[in-house]
*Asks:* 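Okay, handing you the structure first.
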Amino acid sequence: MLSIPYDIIWLEKKSILAKEAALLLHKVGAIRFGNFILSSGRESPYYIDLRILPSYPIILKRLVELYVEIINNEIRNKEEIHRIAGIPTAGLPIATLVSQIIPLPLLYVRKQEKKYGLEKIVEGIIEVGDHVVVVDDVVTTGHSALEQIRVLREHGGIVNHLVVLIDRDEGGEENLAKENITLHYLMKIGDLFTYLKNLNLINQEKYDEVIRYVMKHRKGGLK
Amino acid sequence: MSEWLKIKKTHAEKLLSIIVERQIVKKGNFALHLGHSTEYYLDFRLVPSHPNDFAEVCAAYADLIKNEIIELDALTGVAYSAIPFAAGTSVRLNVPYILMEKIEKEGSLRTPIYGRIKKGDRIVILDDVSASGVTLLCVASILRALGGVVKDAVVLVDREQGADKVLSEQGINLHYYLKLNEILARIPY
């Protein structure tokens, strides 16, 4: 009997889901072109803004299903997980809905410690030894996610995985791997732009411009 | 009693048992913003750590909005505690959720609004607890400055510290399930 390795079936399915997601993101205007300053100070000719997704609940719900597919096919098939953590602001609505579908308890890390109320930095319950999967929108260098992951680890969480929709391919996967975090993503940014170009949603000139940027800033890429 | 009031009472009872079972009320001396302090603090941030209770709370918000607010185009949640509740309620009602960042100290020029607002959109503000009403008013004025129409705010618990009056003076109705005193009457400590 011919048996096809499970991973190949999943990767095939994932690339179909990625094309669907690319269309949805384009439809809601989440992919913007122009001159953007990233939090690292780097100038980028494009910006992926998933903070507008909650304005489109049906599309958000569909994209959340894709996150759940990734978690089920790449993490939960190998190990048990106990909690989902969201990264405010953009990652938190996504993580919330992911946690409701699976379902698993949700927690989140505040950007900075608040000065009133209960003065907690981790909101929600975390117990020593809990396996926590972190959910965010997009990864660039991975530094901001790593800050949050360190906090979760300080609180006793076992954090081995970060799940995002898009990897901007600017060294995040490598930086996370150094801290023993596996990055899971629906697609890399280059794939997103290729899908959009093949559907004639961006022209060749725009495509060349963003791909030049991607090639320049990817790990081991042109300097 | 109308059908809705019966449902509302059922939701309020369920909320009370969640509050008791999950130890949402913390006793101590807590500093609130604007120099206020309180002996009882309500930590609804624990609720999303209990998926079934979280679903019940979102269902309660959704029913409150469906039955007490006639027209709405979008909702928003006060960051951070209300972000999960706003997300859960939005997909239940299929109503857009205008994601909002935490409002930083006054004078910040950066808009904390990330979602789409069209002029004339009727927007409902969602939070877990209301106290003085100042935070809700602040959110309302930002939304109004961007063309939104704000006539309603929904919370789970009103602490009865003036929010009702402050908001109604600005044309905003406060909708809630429980008053703090009703909760304290049920807490054994």
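Letters A, B, ... mirror the listed sequences (proteins, then strands); counts begin at 1. Since the structure is predicted, the reported quantities are computational estimates derived from the model, not experimental observations.
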*Asks:* Do B:L46 and A:I125 have side chains that get closer than 4.5 Å, going by heavy atoms?
*Replies:*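 Answer yes - side chains close enough.
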
*Asks:* Which atoms of B:A55 come close to chain A, meaning under 4.5 Å heavy atom to heavy atom: side chain ones, backbone ones, both, or neither?
*Replies:*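 The answer is both parts of B:A55.
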
*Asks:* Does any backbone or side-chain atom of A:V28 lie under 4.5 Å from a heavy atom of chain B? Answer side chain, backbone, both or neither.
*Replies:*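 The backbone, not the side chain.
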
*Asks:* Just so I know, are the side chains of A:S55 and B:Y97 near enough to count as touching, which here means a heavy-atom distance under 4.5 Å?
*Replies:*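 Not touching, per the 4.5 Å side-chain cut-off.
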
*Asks:* Taking all heavy atoms of A:G124 and all of B:S49, pick out the closest pair and write down the distance.
*Replies:*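 Reported closest heavy-atom pair: CA-OG, 3.3 Å.
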
*Asks:* When rounded to the nearest 0.5 angstrom, what distance separates CD1 in A:I52 from CD1 in B:I113?
*Replies:*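 Separation between the atoms: 14.0 Å.
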
*Asks:* Given side chains that start at C-beta, do those of B:P48 and A:L107 come closer than 4.5 Å, heavy atoms only?
*Replies:*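 No, side chains not in contact.
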
*Asks:* Report which part of A:I102 has an atom under 4.5 Å of a heavy atom belonging to chain B: side chain, backbone, both, or neither.
*Replies:*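 It is neither, since no heavy atom gets under 4.5 Å.
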
*Asks:* For a 4.5 angstrom cut-off between non-hydrogen side-chain atoms, does B:P51 reach A:Q100?
*Replies:*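 A side-chain contact under 4.5 Å exists here.
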
*Asks:* If the contact rule is any heavy atom under 4.5 Å from chain B, which residues of residues 136-151 of chain A qualify, in numerical order?
*Replies:*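 Result: none.
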
*Asks:* Where does A:L97 contact chain B at under 4.5 Å (heavy atoms): side chain, backbone, both or neither?
*Replies:*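 Only the side chain of A:L97 comes within 4.5 Å of chain B.
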
*Asks:* Please classify the contact of B:V47 with chain A as side chain, backbone, both or neither, using a heavy-atom distance under 4.5 Å.
*Replies:*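 Neither part.
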
*Asks:* For A:L106 and B:F54, run side-chain contact (heavy atoms from CB on, under 4.5 Å): C-alpha distance rounded to whole Å, both residues' side-chain angles, the deciding distance at 0.1 Å, then the answer.
*Replies:* CA-CA 10 Å; A:L106 173 80; B:F54 177 76; 5.8 Å; no

*Asks:* Stepwise, does the side-chain contact (heavy atoms from CB on, under 4.5 Å) test hold for A:R51 with B:M100?
*Replies:* CA-CA 9 Å; A:R51 297 172 303 193; B:M100 230 176 137; over 6 Å; no

*Asks:* Check whether any side-chain heavy atom of B:Y80 lies under 4.5 Å from a side-chain heavy atom of A:E123, and answer yes or no.
*Replies:*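 With C-beta onward as the side chain, the pair stays apart.
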
*Asks:* To the nearest 0.5 Å, how far apart are OH in A:Y108 and CZ in B:R45?
*Replies:*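 One finds 5.5 Å between OH of A:Y108 and CZ of B:R45.
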
*Asks:* Is there a side-chain contact between B:L99 and A:P93, using heavy atoms and a 4.5 Å cut-off?
*Replies:*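 They are in contact (side-chain heavy atoms under 4.5 Å apart), so the answer is yes.
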
*Asks:* Measuring only between side-chain heavy atoms, which start at C-beta, is A:P54 closer than 4.5 Å to B:I98?
*Replies:*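 The answer is no, as the side chains (C-beta and beyond) never meet within the 4.5 Å cut-off.
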
*Asks:* Would you give me the side-chain donor-acceptor pairs under 3.5 Å for residues 67-75 of chain B, sequence neighbours excluded?
*Replies:*
from  : atom 1 : to     : atom 2 : distance (Å)
B:N67 : ND2    : B:D63  : O      : 2.8
B:E68 : OE1    : B:H175 : ND1    : 2.8
B:E68 : OE2    : B:W4   : NE1    : 2.9
B:E68 : OE2    : B:K8   : NZ     : 2.8
B:E71 : OE1    : B:R122 : NH1    : 3.1
B:E71 : OE2    : B:R122 : NH1    : 3.1
B:D73 : OD1    : B:R122 : NH2    : 3.2
B:D73 : OD2    : B:R122 : N      : 2.8
B:D73 : OD2    : B:R122 : NE     : 3.0
B:D73 : OD2    : B:R122 : NH2    : 3.4

